[in-house]
Protein chains: 2
Amino acid sequence: MDTLCRSTQAPFEYALSIVNGKWKLKIIYELACTNTLRYGELKRNISKITHKMLTAGLKELENDGMIVRKEFCQIPPKVEYSLSKKGMSFVPILESLCDWGKSQQIIENGDTNA
Amino acid sequence: MDTLCRSTQAPFEYALSIVNGKWKLKIIYELACTNTLRYGELKRNISKITHKMLTAGLKELENDGMIVRKEFCQIPPKVEYSLSKKGMSFVPILESLCDWGKSQQIIENGDTNA
DNA sequence: CCGTATCCAAATCGATACTG
DNA sequence: CAGTATCGATTTGGATACGG
């Protein structure tokens, strides 16, 4: 097993810089599930997240080009968030993460480590 | 794009509970690259990590069954870490993360978000 | 060499109030 | 409704000392 090596380190760090954080993956996951969500919907969907954390997370992901923020100029305000192209290209990784989680949850008993 | 849905949420949270953390993925990555590493080698390889963070991260990953800790009873002590079966099953995800990072780094210019 | 414990600084978080 | 600002409280993190 040596498909990972020093040459993959920079891309790896780059990916982590975007995705590593307490709420980042959850936000992306949520948008991947539902395509488009308003701020309040995200807030309600992501259990335990606070206002502050969500706004911070959304801003960072937007700055990193992962999500698109669409603001409707109206009163009361309305803002919709969705994944960008870049964000969508990340979805397969979320899927493998889910698959992995599922398979490991199933094992979780007769597990003999290597 | 609706391959992710409510039914994948539990596995997703499970995966995050193991892998979400400032250093977890880097530790796993490092072990995936080199198979077996002593504590001191890990410490040297992972840039910026401190003693405290590394020991904490290793312990959690060990508790979650991702890595195997092999202690040699000798003076001076020697401890080797490596990925468990479970940890190894996670490596493909690291690879896709690297691939994704690489492709996005390449784009990073003529990028028109969706 | 590896790991634990401790102390203190710094970053993060949660609740809340306020603006457009 | 969406977002910013602020202020304690809690958590995390770094440096260091010590023990097996």
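Everything quoted here is computed from the prediction, not taken from an experiment. Heavy-atom basis, side chains included; hydrogens, waters and symmetry copies ignored. Note on naming: letters A, B, ... go to the chains in the order of the sequence lines (proteins, then strands), and numbering restarts at 1 for each one.
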### Query
Below 3.5 Å, does any donor atom in the side chain of H51(B) face an acceptor in the base of dG14(D), or the other way round?
no

### Query
Taking all non-hydrogen atoms of both residues, which atom of L4(B) and which atom of E95(A) are closest, and how far apart?
CD2-CG, 3.7 Å

### Of Y39(B) and K52(A), the one whose closest DNA chain C nucleotide lies more 5'
Y39(B)

### Query
Should R69(A) be listed as having a side-chain N or O under 4.0 Å from OP1 or OP2 of dA2(D)?
no

### Task
Round to a whole Å and report the spacing from CD1 of I49(B) to P of dG14(D).
9 Å

### Query
Roughly how many Å is it from CD1 in I46(A) to P in dC13(C), rounded to a whole number?
14 Å

### Message
Please determine whether a side-chain nitrogen of the Lys or Arg among E30(A) and R6(B) lies less than 4.0 Å from a carboxylate oxygen of the Asp or Glu.
### Response
yes

### Message
I want to check something: taking the side chain as every heavy atom from C-beta on, are Y14(A) and K102(B) in contact at a cut-off of under 4.5 Å?
### Response
no

### Query
Do S103(B) side-chain atoms and W100(B) backbone N/O form a donor-acceptor pair below 3.5 Å?
yes

### Task
Assign P76(A) to base, sugar-phosphate, or nothing according to its heavy-atom contacts below 4.0 angstrom with the strands shown.
sugar-phosphate

### Task
May I have the distance from N63(A) (atom CG) to dG3(D) (atom P), rounded to whole angstrom?
13 Å

### Query
Roughly how many Å is it from CD1 in I67(A) to C1' in dA2(D), rounded to a whole number?
14 Å

### Query
Can you check the K48(B) NZ to dA15(D) C1' distance for me, whole Å?
15 Å

### Query
Can a side chain N or O of K59(A) be found less than 4.0 Å away from OP1 or OP2 on dT4(D)?
yes

### Message
Counting only side-chain heavy atoms from C-beta out, which of dA2(D), dT4(C), dG14(D) sits nearest to T55(B)?
### Response
dT4(C)

### Message
So, does Y81(A) get its side chain near the phosphate of dG3(D), meaning an N or O under 4.0 Å from OP1 or OP2?
### Response
yes

### Task
On the 0 to 90° scale, with breaks at 30° and 60°, tag the Y29(A)-F12(B) ring pair as parallel, tilted or perpendicular.
parallel

### Task
Would you kindly give the CG-to-P distance between L58(A) and dA2(D), to the nearest whole Å?
11 Å

### Between dG14(D) (P) and W23(B) (CH2): distance, integer Å
7 Å

### Task
Using a cut-off of strictly less than 4.0 Å, decide whether R38(B) has a side-chain nitrogen or oxygen near OP1 or OP2 of dC1(C).
no

### Message
Without decimals, in angstroms, what is the distance between E60(A) CD and dC13(C) C1'?
### Response
14 Å

